[in-house]
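Because only heavy atoms are used, hydrogens play no part in the values below, and waters and symmetry mates are left out as well, while side chains stay in. All of these numbers come straight from a predicted model, not from anything done at the bench.
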Amino acid sequence: MADFLTLDVYRDTIRETPARRRSIRAALADRPAGLRAYSINYANTGTFDLVPRHYGTCLLLAWDSEQAAHDAWLGRLGTAVGAGDYRMDAEVTRARTEHGDDDWHGWDPPTRAPPR
């Protein structure tokens, strides 16, 4: 099953940034249907600037489906926050296979080598 993601970057002025962040937090407090998880990047590292600035916000949302994201952005979330100056929609797919000679499951790279 694929995870549907939306990434919005808001390039507000220094004066508008705190209000935007408050509206994002308030909109996400009333969790939209189908929202799995979210991340609000306050450091503005989601933009294309060489030197990060202290304004702007990046909002990453993980959804149950594309339809859930669409409904939320057309509903209260979109009204409260609005689309970003840059927007990307994406699907991230995961796969897992298990078979006799599979030595990756259970491997913890920082502490030990893969089982042999």
Side-chain angles (χ1 to χ4, degrees):
M1 179 175 156
D3 294 322
F4 189 77
L5 306 174
T6 57
L7 176 70
D8 287 85
V9 176
Y10 299 93
R11 298 199 59 177
D12 298 318
T13 64
I14 291 173
R15 291 180 186 216
E16 294 170 333
T17 297
R20 169 79 69 184
R21 292 176 179 175
R22 282 191 301 273
S23 68
I24 289 172
R25 285 192 305 271
L28 294 176
D30 182 27
R31 197 130 174 139
L35 179 63
R36 284 190 188 174
Y38 65 89
S39 176
I40 305 169
N41 183 339
Y42 297 114
N44 194 32
T45 55
T47 65
F48 303 107
D49 294 333
L50 291 175
V51 179
R53 294 175 172 37
H54 296 289
Y55 61 88
T57 307
C58 182
L59 177 62
L60 175 64
L61 305 172
W63 301 93
D64 288 334
S65 67
E66 184 176 357
Q67 187 61 47
H70 181 75
D71 293 345
W73 282 108
L74 287 179
R76 293 175 61 187
L77 180 65
T79 302
V81 178
D85 298 311
Y86 302 102
R87 156 142 305 167
M88 180 180 76
D89 296 343
E91 282 189 355
V92 178
T93 309
R94 295 172 282 167
R96 178 179 171 147
T97 59
E98 295 185 44
H99 45 84
D101 61 346
D102 182 3
D103 62 357
W104 285 95
H105 299 294
W107 180 45
D108 186 5
T111 58
R112 63 181 185 276
R116 297 276 175 207

(Q) Check this for me: R25, atom CZ, are more than 12 non-hydrogen atoms of other residues, nucleotides or ligands nearer than 6.0 Å? (A)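 Enclosed.
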Answer yes or no: is there a side-chain heavy-atom contact under 4.5 Å between [X] and [Y]?
{"X": "Y38", "Y": "R31", "answer": "yes"}
{"X": "D8", "Y": "V81", "answer": "no"}
{"X": "N41", "Y": "L60", "answer": "no"}
{"X": "L77", "Y": "L61", "answer": "yes"}

(Q) Please report the interatomic distance CH2(W63) to CG(L5), rounded to the nearest 0.5 Å. (A)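 Spacing of CH2 (W63) from CG (L5) equals 11.0 Å.
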If you look at every heavy atom in [X] and [Y], which pair is closest and at what distance?
{"X": "T6", "Y": "W73", "result": "OG1-NE1, 3.7 Å"}
{"X": "A72", "Y": "P32", "result": "CB-CB, 4.0 Å"}
{"X": "A68", "Y": "A33", "result": "CB-O, 4.1 Å"}

Q: Could you check R20, R21, R15 and say which one makes a side-chain contact (heavy atoms from CB on, under 4.5 Å) with T17?
A: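 When R20, R21, R15 are each tested with T17, the side-chain contact (heavy atoms from CB on, under 4.5 Å) holds only for R21.
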